[in-house]
Amino acid sequence: MVPVVRLIPGRTVFFACDIQTRFKPLIYGFDHVVATAHKMFRLAKVLEVPVLITEQNPRVLGETVPELDHAPLGKLFLGNYPKSAFSMAMPPVTALLKQHDFKSVVLFGIESHVCVLQTALDLLALGYDVHVLADGVSSCNRDEVGTALARMREAGAQITTSESAAFELQGDADKPNFKAFSSIIKEERDNTQKALEVLVRPRALL
């Protein structure tokens with residue numbers, strides 16, 4: 001029997017992988033990846049989910065896009081980690097995961113077949129549950145994405161969507177934060193639909 005893997009409120013962290021300025025003209029559907037990431041940053045505050053950012057060689061590839069302002073997250077922001085390795089699972093990050101006793105990682109960003117894939121594989125090998133947002137990842141070559149997601153799924157990652165993951169973390173409409181949560185979902189409806197149309201529908205993977 002295949003084990004059921006769920007997001008665990010209170011033990012979940014959002015990983016934003018290398019969503020940097022220089023990638024804008026290169027990545028298929030880049031603006032939709034940014035829109036999904038921005039939505040997850042907004043939801044992180046309401047759901048009280050910590051957020052961690054990495055930047056691949058920022059001196060060459062630029063900083064994280066300005067749309068992903070971490071200031072509103074306050075203490076939920078765990079830091080921005082520059083890297084040369086493709087995987088986000090470098091020693092200071094894995095140490096942080098252990099320190100906070102995280103179990104679930106929600107992963108989004110670029111590129112799906114390089115940094116996102118290697119991050120997912122490394123985290124799975126370390127025993128973490130990895131949930132990859134199909135409407136929050138992309139690559140320079142659109143056709144790389146489906147194969148990367150398929151490999152991550154075969155390795156044990158959960159392929160989900162931003163809204164599905166958010167509702168799983170919310171869990172109950174009776175919680176005091178539901179009004180704020182619902183407002184974000186409604187405000188982001190058009191962005192969610194467009195991201196699904198551009199990033200998920202062409203793959204017909206889910």
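Every value quoted in this text rests on a predicted model; they were computed, and no experiment measured them. For reference, positions follow the sequence shown, starting with 1.
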| said: Ring centroids only, cut at 6.0 angstrom: are Phe41 and Phe14 within range, meaning strictly under it? | reply: no

| Does Arg42 use its side chain to pair, donor to acceptor, with the backbone of Ile184 at less than 3.5 Å? | no

| said: Please tell me whether Thr36 and Ser162 have a donor and an acceptor in their side chains that are separated by less than 3.5 angstrom. | reply: no

| request: Mind running side-chain hydrogen bond (donor to acceptor under 3.5 Å, both in side chains) on Glu188 and Asn191 for me, showing each step along the way? | output: CA-CA 5 Å; Glu188 295 284 349; Asn191 288 331; 3.0 Å; yes

| request: Give, for atom CG of Leu7 and atom OG1 of Thr12, the distance between the pair rounded to the nearest 0.5 Å. | output: 5.0 Å

| field | His113 side chain reached by Asn141 side chain, heavy atoms, under 4.5 Å | value | no

| Sub-4.5 Å side-chain heavy-atom contact between Glu111 and Leu117 | no

| Should the pair Asp31-Lys194 be classified as a salt bridge under the 4.0 Å nitrogen-to-oxygen rule? | no

| Would you say Gln56's side chain and Ser84's backbone share a donor-acceptor pair under 3.5 angstrom? | yes

| Identified side chain to side chain donor-acceptor pair (under 3.5 Å) counterpart of Glu168 within the set His131, Arg6, Gln158 | Arg6

| task | Taking the side chain as every heavy atom from C-beta outward, state whether Phe15 and Ile53 have any pair of such atoms under 4.5 Å apart. | result | no

| Can you find a pair of side-chain heavy atoms, one from Val137 and one from Leu199, that are under 4.5 Å apart? | no

| task | Applying salt bridge (charged side-chain N to carboxylate O under 4.0 Å, His left out), run through Glu163 and Lys39 and close with a yes or a no. | result | CA-CA 9 Å; Glu163 193 164 298; Lys39 176 177 63 180; 5.0 Å; no

| Are Gln193 and Asp190 linked by a side-chain donor-acceptor pair shorter than 3.5 Å? | no

| Thr119 side chain to Met88 main-chain N or O, any donor-acceptor pair under 3.5 Å? | yes

| Any side-chain heavy-atom pair from Val51 and Leu76 closer than 4.5 angstrom? | no

| message | I'd like to know if the side chain of Asn177 pairs up with that of Gln170 as donor and acceptor (distance under 3.5 Å, no hydrogens or angles considered). | response | yes

| message | Classify the ring geometry of His70 against Phe77: parallel below 30°, tilted from 30° to 60°, perpendicular beyond 60°. | response | parallel

| Taking Thr94 for the side chain and Pro91 for the main chain, is one N or O donor matched with an acceptor at less than 3.5 Å? | yes

| task | Check whether NZ of the Lys or CZ of the Arg Arg142 lies under 6.0 Å from the centre of the six-membered ring of Tyr28 and within 45 degrees of that ring's axis. | result | yes

| Arg22 CZ to Arg59 CZ distance, which is reported to the nearest 0.5 Å | 12.5 Å

| task | Could you give me the CA-CA distance, side-chain angles and deciding distance for Phe181 and Leu43, then say whether side-chain contact (heavy atoms from CB on, under 4.5 Å) is met? | result | CA-CA 7 Å; Phe181 173 86; Leu43 288 165; 3.7 Å; yes

| query | Looking only at atom types and distance, does a side-chain atom of Arg11 sit under 3.5 Å from a main-chain N or O of Asp101, one as donor and one as acceptor? | reply | yes

| task | Evaluate whether atom CD of Glu48 has more than 12 neighbouring non-hydrogen atoms of other residues, nucleotides or ligands under 6.0 angstrom away. | result | no

| field | Verify same cluster id: Phe86, Leu61 (apolar side-chain graph, 4.5 Å) | value | no

| Non-hydrogen side-chain atoms of Pro72 and Asp69 separated by less than 4.5 Å | yes

| message | Would you compute the distance between atom CZ of Phe102 and atom CG of Leu97 and round it to the nearest 0.5 angstrom? | response | 7.0 Å

| remark: In this structure, CG of Leu26 is separated from CD1 of Ile110 (nearest 0.5 Å) by 8.5 Å

| Within a strict 4.5 Å, meaning less than it, do heavy atoms of the Val33 and Phe108 side chains meet? | no

| SG on Cys140 to CZ on Phe30, rounded to 0.5 Å | 10.5 Å

| query | Distance from Ile19 atom CD1 to Cys17 atom SG, nearest 0.5 Å? | reply | 7.5 Å

| request: Flag the pair Asp18 and Lys83 as a salt bridge only when some basic side-chain nitrogen lies within less than 4.0 angstrom of an acidic carboxylate oxygen. | output: yes

| Validation row: Val116, Met152 side chains within 4.5 angstrom (heavy atoms) | yes

| query | Within the side chain of Ser164, is there an N or O that forms a donor-acceptor pair under 3.5 Å with the backbone of Thr160? | reply | no

| message | Using modelled atom types and a 3.5 Å cut-off, is there a donor and acceptor pairing between side-chain atoms of Ser87 and backbone atoms of Ala89? | response | yes

| request: Could you please spell out the steps behind the side-chain contact (heavy atoms from CB on, under 4.5 Å) verdict for Leu96 and Leu78? | output: CA-CA 8 Å; Leu96 201 63; Leu78 299 181; 3.7 Å; yes

| field | Modelled atom types, side-chain donor and acceptor of Asn80 and Glu55, under 3.5 Å | value | yes

